[in-house]
Amino acid sequence: MASDDGITISVEVPPSAPAPVATEDSAPASVATEEPAIPPVVQPISSSRGKTKTSRALSMFKETCCMHRVPHRLRQVNKKAYEPNVISIGPYHRGKPHLAPMEVIKERCFWEVAEETNRGMVEFESEMTPFENEARKCYEEPLDLPSQKFVQVMIFDGCFIVQLIRKVYPGGIFKVGRIQADIRNDLLLLENQLPFSVLFKLYQMIVPEPGEIKQFAELTLYFFELSHRRLPERDFIHLLDIVHSTYLPSARGIEQHQVFKAQAEAEAVAEPNSQRSWKFIRSATELEDSGIGFFGASVEKMRVENQGVELEIFDIMFTSDTKVSRIPTCIKLGTKVLWIPTPITLDTKVLRIPTLQVDDSTERRLRNFMAFEQFFPVEKPTYFVDYVVFMDNLINTGKDVQLLCKSGVLDNWLGDDEVVSQMFNKLRESIYMSRDFYYAEIFCKDSTTIQLNSITFSLPELRFFIHPIEEKTPEGREVIRCAARIRHQKTKKPKKIFLRLVARPLLAKVKDTTGIVGLDVVPNAREVLIGLYSKTLKEIQTVPEDEGYRKAVESFTRHRLKVCQEEEDWEMIEQRLGCGQVEELIEEARDELTLIGKMIEWDPWGVPDDYECEVIKNDAPVPKHVPLHRPGPLPEEFYKTLEALSEKDEPKITSGEPQII
């Protein structure tokens with residue numbers, strides 16, 4: 001997941017956990033508001049109070065603290081997303097051959113801990129054995145590990161994780177390649193977990209002054225490079241649960257969703273037969289064709305733009321905006337022509353979505369977060385599932401990804417837009433959605449906006465842009481009637497003739513960018529060029545008529561002026577001239593006008609015939625980075641002709657003595 005801030009919100013862990021979900025109705029629906037008390041601090045077990053402290057530590061285990069297996073329906077979509085690459089934690093993946101090297105490192109790490117704490121294996125086993133029965137209950141299926149072996153798994157795996165959290169890296173392991181990133185990713189797999197209470201107990205045995213469990217959880221965020229996030233005040237199941245709990249919408253977003261939910265429920269009671277269409281949203285390219293824009297930026301940047309308003313990664317907003325488009329072109333309605341000579345203002349809707357960085361670990365993290373949410377109780381929200389469903393609706397093809405990357409919604413580190421598209425399309429497979437879909441309000445707004453075509457012209461605006469003569473034609477009257485219906489009958493779907501005849505041709509004529517850094521689009525480029533070329537022909541008259549410079553400037557300027565006068569479309573001007581974009585032609589024309597002024601000032605054609613030029617020789621070597629503009633080789637015919645002329649004019653030698661010419 002992209003590295004964005006989190007928000008403190010209290011979510012209670014329910015007292016009982018359901019079996020693996022098998023129906024769509026089992027997805028979470030709401031946010032709990034109770035804040036459970038902070039669990040008691042577990043102190044190191046002493047010989048005199050061992051029994052009491054052990055009981056307090058065991059009380060931290062809850063029946064809901066289950067280490068679930070990934071459901072078969074999810075595993076068969078992408079098995080590798082749930083398999084560890086370098087390290088196994090807990091009993092599920094223990095013993096796999098490709099994970100064996102890390103077993104040696106974990107054992108070495110334990111003996112370093114034993115030396116540091118002056119505790120041996122026997123003492124660690126005696127301290128952790130009382131946790132065995134409760135720890136076994138945390139796992140979904142019966143384990144065939146013997147008692148002593150299971151306790152050793154907790155000790156070896158737990159000590160290794162605790163040392164990582166403390167930033168005490170065994171044997172310089174993090175100096176090897178990107179092993180650190182691989183271990184972080186493996187520690188966030190659903191099936192690769194230890195109970196967090198086991199980790200905290202080992203932390204208490206290793207650190208002299210361990211502090212409270214919340215402080216240990218905050219240290220865990222430092223290890224995952226999420227120290228800027230805040231933790232909710234509740235118990236945690238495992239490392240995946242800790243990281244997952246920091247990715248929540250803002251309190252403002254949750255409150256807004258609750259208001260929408262209450263309104264929807266009230267409408268459902270008032271109109272039992274009404275149906276709210278929110279389950280599907282159009283793709284990004286289709287929304288753009290309908291006039292809906294996209295804006296993406298980091299959470300931090302959005303907060304600054306919104307003057308510090310609380311925002312998080314899941315806060316997607318539908319806002320109104322205005323877009324000024326300068327369209328110096330014409331539109332044909334049948335046999336008639338409508339001239340649009342001035343700018344127009346379009347009312348648009350914009351989806352503001354925090355930027356998501358997509359790299360090679362994004363799919364694994366999203367899949368494991370969603371798999372974790374599949375076991376949530378009904379009343380708990382599934383924000384990752386809802387987010388992926390939303391993005392999957394936006395993305396159908398690589399073109400949608402390209403548009404979202406251009407808008408700043410996605411930061412594609414994979415490079416291939418089609419790969420990102422396929423990733424999102426497969427993420428949603430076999431995932432159960434929540435009945436309380438978090439983005440239902442946006443889906444409803446999108447449906448309404450699409451129905452209204454999003455882009456509308458008011459009646460006076462459209463009359464202004466239609467030529468007065470053409471306003472009385474049947475085509476012109478039909479366009480005005482369509483605009484009036486769009487403006488005054490917003491509950492009905494307007495005729496498609498408006499978008500087909502007016503909006504789409506208008507948008508097709510707008511150049512979004514030149515593709516050249518520092519060169520902005522000039523909406524009225526044709527008019528600017530005509531003015532510059534006319535001024536150039538006027539200014540060049542000061543140069544003597546027989547000068548080559550004037551002849552050359554007049555020749556190409558007249559040609560370009562003629563093309564601009566004949567063509568009204570900037571695309572046709574660029575195509576006919578073949579000298580780059582119209583914006584580049586404008587820069588050239590301005591430079592030419594500047595040069596004409598300099599040439600008149602310098603007066604190079606006013607040099608007397610008897611003026612002798614001073615030749616200055618410079619034998620300094622030319623730097624390697626400076627290209628040598630040397631003329632190309634002359635054709636062979638030139639040398640043959642020169643040789644023939646030389647032989648023809650060569651004087652005949654009548655004696656052996658050389659002649660002086």
Side-chain angles (χ1 to χ4, degrees), residues 11 13-21 39 57-75 79 81-85 87-96 99 102-103 106 128-147 149-162 164-165 183-203 213 216-217 220 224 234-245 364-365 367-377 380 382 384:
V11 181
V13 178
S16 60
V21 186
L58 290 176
S59 67
M60 294 175 62
F61 285 97
K62 296 188 177 183
E63 295 180 0
T64 59
C65 186
C66 295
M67 308 291 123
H68 292 287
R69 280 280 198 180
V70 175
H72 175 69
R73 57 185 166 84
L74 299 183
R75 185 182 298 277
K79 180 180 179 180
Y82 309 102
E83 299 280 343
N85 289 328
I87 186 172
S88 67
I89 300 297
Y92 284 151
H93 296 281
R94 182 176 177 78
K96 293 187 176 181
L99 305 176
M102 286 300 299
E103 296 300 319
K106 286 191 291 186
M128 298 304 298
T129 298
F131 289 85
E132 179 193 353
N133 291 333
E134 294 297 331
R136 282 181 178 270
K137 294 178 182 179
C138 292
Y139 292 92
E140 187 175 289
E141 56 192 33
L143 304 175
D144 56 358
L145 289 175
S147 175
K149 192 66 175 177
F150 181 79
V151 172
Q152 289 180 356
V153 169
M154 289 194 300
I155 294 173
F156 286 150
D157 294 357
C159 287
F160 181 80
I161 294 176
V162 169
L164 293 182
I165 294 174
I183 292 177
R184 283 199 186 100
N185 291 332
D186 285 351
L187 293 182
L188 292 179
L189 300 180
L190 179 63
E191 296 181 347
N192 217 34
Q193 301 294 327
L194 279 180
F196 190 66
S197 295
V198 170
L199 298 179
F200 183 59
K201 173 57 184 174
L202 291 169
Y203 179 71
I213 190 172
F216 180 55
T220 302
F224 288 106
R234 66 171 177 84
D235 297 343
F236 298 106
I237 303 174
H238 41 54
L239 297 181
L240 178 64
D241 181 29
I242 290 178
V243 176
H244 177 276
S245 68
R364 282 166 58 89
R365 293 201 178 187
R367 285 192 178 277
N368 282 274
F369 284 141
M370 290 192 298
F372 179 49
E373 290 180 345
Q374 295 296 282
F375 297 97
F376 280 9
K380 194 173 181 180
T382 56
F384 276 94

Decide side chain to side chain contact (heavy atoms under 4.5 Å, CB included) for I183 and F160; before the verdict, give the C-alpha distance in whole Å, the side-chain angles of both, and the deciding distance to 0.1 Å. CA-CA 11 Å; I183 292 177; F160 181 80; 4.2 Å; yes
Take L188 and N368, measure what side chain to side chain contact (heavy atoms under 4.5 Å, CB included) needs, and give me the verdict at the end. CA-CA 7 Å; L188 292 179; N368 282 274; over 6 Å; no
With the side chain counted from C-beta on, respond yes when F376 and T382 share a heavy-atom pair under 4.5 Å apart, and no when they do not. yes
May I ask you to check whether F372 and H238 place their ring centres under 6.0 Å from each other? yes
For the pair E83 and R75, find out whether any cationic side-chain nitrogen is under 4.0 Å from an anionic carboxylate oxygen. yes
Compare all side-chain heavy atoms of F196 with those of D241 and state whether any distance is below 4.5 angstrom. no
Donor + acceptor pair across side chains of E191, H68 (<3.5 Å): no
Using 0.5 Å steps for rounding, measure from the CG atom of D157 to the CG atom of L199. 9.5 Å
Here the gap from K79 atom NZ to H72 atom NE2, rounded to the nearest 0.5 Å, amounts to 10.5 Å
Whether K149 and D144 form a salt bridge (side-chain N of Lys/Arg under 4.0 Å from carboxylate O of Asp/Glu) is what I want to check. no
Measure the shortest side-chain to side-chain distance between D186 and I89 over non-hydrogen atoms and say whether it is less than 4.5 angstrom. no
Side chains of E134 and S197: is there a donor and an acceptor less than 3.5 Å apart? no
Enter the distance from F150:CZ to I155:CD1 here, rounded to the nearest 0.5 Å. 11.0 Å
Could you please spell out the steps behind the side chain to side chain contact (heavy atoms under 4.5 Å, CB included) verdict for R365 and M370? CA-CA 9 Å; R365 293 201 178 187; M370 290 192 298; over 6 Å; no
Please report the closest heavy-atom contact between G90 and Y139, naming both atoms and the distance. CA-OH, 4.1 Å
Would you check if F224 and L187 make a side-chain contact, meaning some heavy-atom pair closer than 4.5 Å? yes
With ring pair (Phe, Tyr, Trp, His ring centres under 6.0 Å) as the test, would you mind laying out the steps for Y82 and H93 before giving the verdict? CA-CA 10 Å; Y82 309 102; H93 296 281; 9.8 Å; no
Scanning both residues in full, the closest heavy-atom pair of P91 with L143 reads CG-CD1, 3.7 Å
Considering only heavy atoms from C-beta outward, does the side chain of I87 approach that of L99 to under 4.5 Å? no
Test side chain to side chain contact (heavy atoms under 4.5 Å, CB included) applied to M128 and Q152, step by step: CA-CA 9 Å; M128 298 304 298; Q152 289 180 356; over 6 Å; no
Grab the two heavy atoms, one from F216 and one from V162, that are nearest each other, plus how far apart they are. CZ-CG2, 4.3 Å
Kindly give the heavy-atom pair with the smallest separation between R94 and S88, and that separation in Å. CA-OG, 3.9 Å
Heavy-atom closest pair, residues R234 and S245: NH2-CB, 3.3 Å
Which atoms form the tightest heavy-atom contact between A135 and M154, and what is the distance? CB-SD, 3.7 Å
Calculate, to the nearest 0.5 Å, the distance between atoms CD and CG belonging to E132 and L145 respectively. 9.5 Å
Beyond-backbone contact of L239 with T220, side-chain heavy atoms, under 4.5 angstrom: yes
Would you call Q193 and I237 a side-chain contact if the rule is heavy atoms closer than 4.5 Å? no
Spacing of R69 atom CZ and Y92 atom OH [to the nearest 0.5 Å]: 6.0 Å
Check: L190 and F375 side chains under 4.5 Å, non-hydrogen atoms: yes
